[in-house]
Amino acid sequence: MKTFPHLIVCEHCDTVYRRVSLESGDAARCVDCAATLYRANRMNVDGWLALTVTAAIALVMANVCPVIRISLHGQHNEVTLWQSVAALGHGAAAPIAVPAALSVIVVPGLQILLLGWVLAFARAGHRAPGFAMAMKVLATLRPWSMVEVAMLGILISIIKLSNVVQVTPGDGVWATAGLMVLITLIASRDIHWLWGITDNHPLRGRQGV
Amino acid sequence: MSGRLRARQLGVIGCHVCGLVCKDRLGERGHARCPCCHTTLRRRRPDSIGRAWAFLLAGMVFYIPANALPVMYTGLLGSSSDNTILQGVISFWKDGSYGIALVIFVASVVVPCTKFLILGLLLVTSQRHSRWAMRERARLYRLIELVGYWSMLDVLVVATVAALVKFQALGDIEPRIGIFFFGAMVILTMLSALNFDPRLIWDGMATHE
Ligand SMILES: [Zn+2]
Ligand SMILES: [Zn+2]
């Protein structure tokens, strides 16, 4: 099949553009619908992989260390991120625990694993086994990753409970905040250029990918 | 209208996974895969409008019990009550936590209702091949993609609070069925937005030319 590696199609309105090289930090925008076409890549693979490993540590910490501790009349309680979504599993609303756990733990975890896998091979200039599948899954997962919502949820819970009980933020809350920033950095929309830095792709070596 | 060409006019398709632009041979073969990542190439998301309507209507139906039924049971220091989302907002407001009342009101009322309206508007105008305010409609679509998932906030706040407050005699907070309907509504409207193809907004141009 004939392909046109020098072209790009806007995903939001189907307008066709010629690819141009971008200054670092710039983004190419669609003239018709103002959607972002692509960005100049801001990270090298090593930096990206390092952030992915850090994100993995933050995710583990948020699920091992308590995010919030409360005490009431001498009794104490604390929960990790995992325990808080698991609490939804009790009672009438139980089915909603599944998407809640997916969006704040499982999906970010999968994003980190898949990126780690793909980047580890990309470091050597190779395409990881299952690369296309991993990239497809990463694109599908992106809208369902909600660590930032969990972070705001924790903050609101802290304020909400501080009216009635004594509340202290745990170490897990810092891990969650770190994870929120890291996931945004590593798993944003602009993972397309990974196709360009690994071998056997028509876009290899092209500017602006 | 503009000098820019759309993929359909040029006879090409952009792969939505790897971004490669390929020659559009769907007319002859009926089925084609991207030579790079083997994703099935499609001019538009399949049955976009029908699926988006189905998810949107289901989401709107779920929004009714989400508001009418209690989302949380609070039994603390002798007093106990079942609370709906709006009762929660009102009690924050009365306690003087105006900021939190506002955040929860936005996440649970403003965002879902805006989403219903915008998706309904996009679907109706696209079905009519309208050429009205295409650029603005494209922006509205990106807006709901950006803010839609923040509504999950309510679910995660209920989860965290319910997980923490478990003091047998002294106090207990439990999730109630309303939060299931609310979470399901958020997921259904997200699915509606994901199934809607923003390129349909611009297809009105072709039919009028
Ligand atoms: Zn565009
Ligand atoms: Zn492809």
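Here is how names work: the chains are called A, B, and so on, in the same order as the sequence lines, proteins then strands, and each is numbered from 1.
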Practice problem: Apply side chain to side chain contact (heavy atoms under 4.5 Å, CB included) to the pair A:H12 and B:W202, showing each step before the final yes or no. | Solution: CA-CA 9 Å; A:H12 282 252; B:W202 302 86; 5.7 Å; no
Practice problem: Show the numbers, then the answer: is there a side chain to side chain contact (heavy atoms under 4.5 Å, CB included) between A:I156 and B:V103? | Solution: CA-CA 9 Å; A:I156 290 193; B:V103 169; 3.6 Å; yes
Self-check item: B:V165 vs A:N77, side chain to side chain contact (heavy atoms under 4.5 Å, CB included): CA-CA, chis, key distance, verdict
Solution: CA-CA 7 Å; B:V165 184; A:N77 256 342; over 6 Å; no
Self-check item: Chi angles and distances behind the side chain to side chain contact (heavy atoms under 4.5 Å, CB included) call for A:W144, B:L194
Solution: CA-CA 11 Å; A:W144 303 100; B:L194 286 169; 3.4 Å; yes
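A:M146 CE to B:Y149 OH: the interatomic distance, rounded to the nearest 0.5 Å, is 8.0 Å. Rounding to the nearest 0.5 Å gives a distance of 3.5 Å between CZ of B:F167 and CD1 of A:I70. Here the NZ atom belonging to A:K136 is positioned 5.5 Å from the SG atom belonging to B:C37, to the nearest 0.5 angstrom. To the nearest 0.5 angstrom, B:L156 atom CG is 8.5 Å from A:S157 atom OG. Between the CG atom in A:L7 and the SG atom in B:C22 there is a gap of 10.5 Å [rounded to 0.5 Å]. One finds the SG atom of A:C13 at 12.0 Å from the CG atom of B:L200 (value rounded to the nearest 0.5 Å).
Ion pairing between a basic and an acidic side chain is recognised when a charged N comes within 4.0 Å of a carboxylate O; B:R44 and A:D14 show such pairing.
Contacts between A:A139 and chain B at a heavy-atom distance below 4.5 Å are absent for every atom of the residue. For B:D154, no part lies under 4.5 angstrom from a heavy atom of chain A. Within the 4.5 angstrom heavy-atom criterion, atoms from both the backbone and the side chain of B:T39 approach chain A. Contacts between A:A35 and chain B at a heavy-atom distance below 4.5 Å involve backbone atoms as well as side-chain atoms. Both the backbone and the side chain of A:Q75 come within contact range of chain B, judged by heavy atoms closer than 4.5 Å. Residue A:V31 touches chain B through both its backbone and its side chain, counting heavy-atom pairs closer than 4.5 Å. Within the 4.5 angstrom heavy-atom criterion, only backbone atoms of A:S145 (N, CA, C, O) approach chain B. Interface residue B:A159: backbone and side-chain heavy atoms are both found under 4.5 Å from chain A. Proximity to chain B (any heavy atom under 4.5 Å) is shown, for A:E148, by both the backbone and the side chain. Neither the backbone nor the side chain of B:L69 comes within contact range of chain A, judged by heavy atoms closer than 4.5 Å. For chain A, no part of B:I201 is nearby; none of its heavy atoms comes within less than 4.5 Å. Interface residue B:F92: only side-chain heavy atoms are found under 4.5 Å from chain A.
Between B:F180 and A:I96, the shortest heavy-atom distance links the atoms O-CD1, 3.8 Å. Closest approach of A:A87 and B:A162 over heavy atoms only: CB-C, 4.3 Å. Across A:E11 and B:P198, no two heavy atoms sit closer than the pair O-CG, 4.3 Å. When all heavy atoms are compared, the tightest approach of A:C33 to B:R142 is O-NH2, 2.8 Å. Listed here is the closest heavy atom pair of A:W195 and B:V17: NE1-O, 3.6 Å. Taking all atoms of both residues into account, the shortest heavy-atom contact from B:R6 to A:V16 is C-CG2, 3.8 Å.
The residue among B:V186, B:I100, B:I13, B:L10 with the most heavy atom pairs within less than 4.5 Å of chain A is B:I100. If you tally non-hydrogen atom pairs under 4.5 Å between each of B:I173, B:D197, B:V155 and chain A, the highest count goes to B:V155. With chain A as partner, the option from B:C34, B:S91, B:P175 having the largest number of non-hydrogen pairs under 4.5 angstrom is B:P175. Ranking B:E136, B:H16, B:M190 against chain A, the residue ahead of the rest is B:M190, based on heavy-atom pairs under 4.5 Å. Of the listed residues A:V85, A:L138, A:I68, the one with more heavy-atom pairs under 4.5 angstrom with chain B than any other is A:I68. The choice from B:I187, B:V158, B:I104 that makes the most heavy-atom pairs within less than 4.5 Å of chain A is B:I187. Each of B:L164, B:V161, B:I179, B:V157 has some count of heavy-atom pairs under 4.5 Å with chain A, and the biggest count is that of B:L164. The candidate with the highest count of non-hydrogen atom pairs below 4.5 Å against chain B, out of A:H90, A:H73, A:E78, is A:H73.
Annotation: B:W150, atom CH2; neighbour count of heavy atoms from other residues, nucleotides and ligands within 6.0 Å is above 12. Counting heavy atoms of neighbouring residues, nucleotides and ligands inside a 6.0 Å radius, atom OH of B:Y141 exceeds 12 of them.
The side-chain heavy atoms of A:K160 and B:T160, taken from C-beta on, include no pair separated by under 4.5 Å.
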